[in-house]
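FYI, the numbering just counts along the sequence from 1. Atoms within each ligand, like the ligands themselves, are counted from 1 in listed order.
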Amino acid sequence: MSFPCMELNRPELFDFHGVSMTHYFTDSWDKVQNFKARPDDIVIATYAKAGTTWVSQILDLLYFGKSDPGRQTSIPIYERVPFLEIRIRNVPTGAELAEKMTSVPRIIKTHFPVQFVPKSFWEQNCKLIYVARNAKDNVVSYFHFDRMNIVQPEPGDWPSYLQRFQEGKVVFGSWYNHVKGWWEKKQTYGNIHYMFYEDLAEDTAQEIEKICSFLNISPTQEEKDHVIKEVAFDTMKKNKMANYSTIGVMDFKISPFMRKGKVSDWKNHFTVAQNEQFDEVYQKKMANTTLRFRTEI
Ligand code: PPS
């Protein structure tokens, strides 16, 4: 699948049912809302830049690393794990890719806030893995991504981006509402595994154990060791089928998709004043939740 990037323009952000979105993620709204989930589908849900690709690669390896090892070396991650709501002209939409998938289970990615998830996933009692990343590292990663990706709105400079992130004026809306919305859903819907980028960075093996237990799968130690090796940052950064280098919409000369893969890189971006202002807003917006993040490990 190639992306005709020359024909693409940076989109405008607009309000869509109360969430900032761009047409690339709303153009196939009806089709996505009517998507027919299967009971064995597994959804990886995240706010953008929270570790989606990392967990996608983990799941793909856990399920298919042994039975279909050629898959990881020949099919890019965005085809192995379709991005449900994306629609870019002249290429199959995420929903179409998912519909055509023959491998079981289908592993499907979404950045939707919880209220946008097609009802069929809840009706089929599908398993969903939500990956959350602390707001400071998340916004830094998102800023660099928006700089290099033509299907994202123009990011502007770092201070203005940081401001807009706090106002929810970036694609997929408010980080605060996103992480809280999914956290609240987890309290009433049993099949959500809520995990954190920071935990995965600190102890990948332990987080993979938790994922396996949630998914009721029992890979051998050898298989798990293989997954751990394959999903190390430096290995994934070099892996063309996982690093998005085969996609035409991203300019790696500006910033690579696999950029740093670190916890606390925000310290290299936030000024002292920005950090204080961010903390103040954060405390207000996160006062009504039990959800806690680590900004360092
Ligand atoms: S996207 O576009 O929303 O799907 O991006 P997403 O995959 O969610 O997030 C990209 C960030 O995750 C980092 N990443 C990793 N970190 C550590 N280890 C591994 N294996 C790994 N794979 C991806 C990636 O580098 C982006 O973070 P930053 O901070 O920008 O480096």
Side-chain angles (χ1 to χ4, degrees), residues 3 22 24-25 43-61 72 76-86 88 94 107-113 129-152 155 158 161 165 170-173 175 178-179 182 195-205 207-208 211 226-247 249-252 254-270 295-297:
F3 286 81
T22 65
Y24 290 116
F25 305 110
V43 176
I44 300 173
T46 60
Y47 189 78
K49 314 319 289 179
T52 332
T53 315
W54 197 0
V55 174
S56 298
Q57 183 75 350
I58 290 173
L59 289 203
D60 196 69
L61 281 158
Q72 281 94 30
I77 192 74
Y78 47 84
E79 289 181 32
R80 283 180 278 140
V81 180
F83 185 0
L84 183 65
E85 59 268 24
I86 199 164
I88 295 180
I107 305 167
I108 298 170
K109 148 184 170 175
T110 183
H111 289 322
F112 271 166
I129 297 184
Y130 187 78
V131 193
R133 186 178 194 182
N134 81 75
K136 293 179 183 177
D137 283 323
N138 209 140
V139 61
V140 167
S141 181
Y142 211 174
F143 173 63
H144 290 295
F145 183 70
D146 285 0
R147 287 171 55 234
M148 63 82 144
N149 187 350
I150 200 163
V151 308
Q152 290 289 98
W158 165 245
Y161 191 85
F165 177 87
V170 290
V171 188
F172 299 107
W175 174 92
H178 206 285
V179 295
W182 278 92
M195 60 181 288
F196 297 90
Y197 181 101
E198 294 73 29
D199 293 345
L200 192 55
E202 188 174 59
D203 192 338
T204 308
E207 291 307 303
I208 289 176
I211 289 174
H226 177 64
V227 177
I228 293 167
K229 188 162 96 17
E230 288 296 315
V231 303
F233 180 77
D234 291 339
T235 308
M236 274 184 65
K237 189 177 168 79
K238 279 188 235 133
N239 179 350
K240 283 198 172 60
M241 293 299 127
N243 67 12
Y244 279 88
S245 59
T246 50
I247 214 163
V249 300
M250 300 179 189
D251 186 347
F252 281 21
I254 298 175
S255 181
F257 183 89
M258 298 285 171
R259 195 183 57 87
K260 285 201 182 165
K262 291 238 168 348
V263 178
S264 291
D265 186 41
W266 63 270
K267 292 183 181 174
N268 298 313
H269 290 75
F270 282 60
T295 54
E296 46 197 289
I297 53 174

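Using a 4.0 Å cutoff on heavy atoms, Val231 counts as a contact of ligand 1. Taking a 4.0 Å cut-off on heavy atoms, Lys262 fails to register as neighbouring ligand 1.
Near His111, the atoms of ligand 1 lying under 4.0 angstrom from a non-hydrogen atom of the residue are 1 (S), 3 (O), 4 (O). Numbered from 1 in the order shown, with element, the atoms of ligand 1 that lie under 4.0 Å from a heavy atom of Met236 read 20 (N), 22 (N). The contact set between ligand 1 and Ala48, taken as ligand atoms under 4.0 Å from a residue heavy atom, comprises 3 (O). Applying the 4.0 Å criterion to heavy atoms of Tyr197 picks out, from ligand 1, the atoms 12 (O), 13 (C), 15 (C), 16 (N), 17 (C).
An N or O contact shorter than 3.5 Å links Gly261 to ligand 1 by distance. Residue Phe145 has no N or O atom closer than 3.5 Å to an N or O atom of ligand 1. Polar contact check, Thr52 against ligand 1: a nitrogen or oxygen pair lies under 3.5 Å apart.
Nearest non-hydrogen protein atom to atom 9 (O) of ligand 1 is Lys49 CA, 3.3 Å. Shortest contact from atom 22 (N) of ligand 1 to any protein heavy atom: Met258 SD, 3.4 Å. Given atom 24 (C) of ligand 1, the protein heavy atom at minimum distance is Phe257 O, 3.8 Å. At the top of the distance list for atom 26 (C) of ligand 1, counting protein heavy atoms only, stands Ser141 OG, 3.7 Å.
Residue pairs meeting the salt bridge (charged side-chain N to carboxylate O under 4.0 Å, His left out) criterion with at least one member in residues 131-144, sequence neighbours excluded, are Lys136-Asp279.
Of all the heavy atoms of Ala50, the ones lying under 4.0 Å from any atom of ligand 1 belong exclusively to the backbone. Residue Lys109 touches ligand 1 through its side chain alone, judged by heavy-atom distances below 4.0 Å. Neither the backbone nor the side chain of Gln57 has a heavy atom within less than 4.0 Å of ligand 1.
Nearest to atom 11 (C) of ligand 1 by heavy-atom distance, out of Lys260, Arg133, Arg259, His144, is Arg133.
Aromatic rings from Phe165 and Phe143 are positioned such that their centres are separated by 6.0 Å or more.
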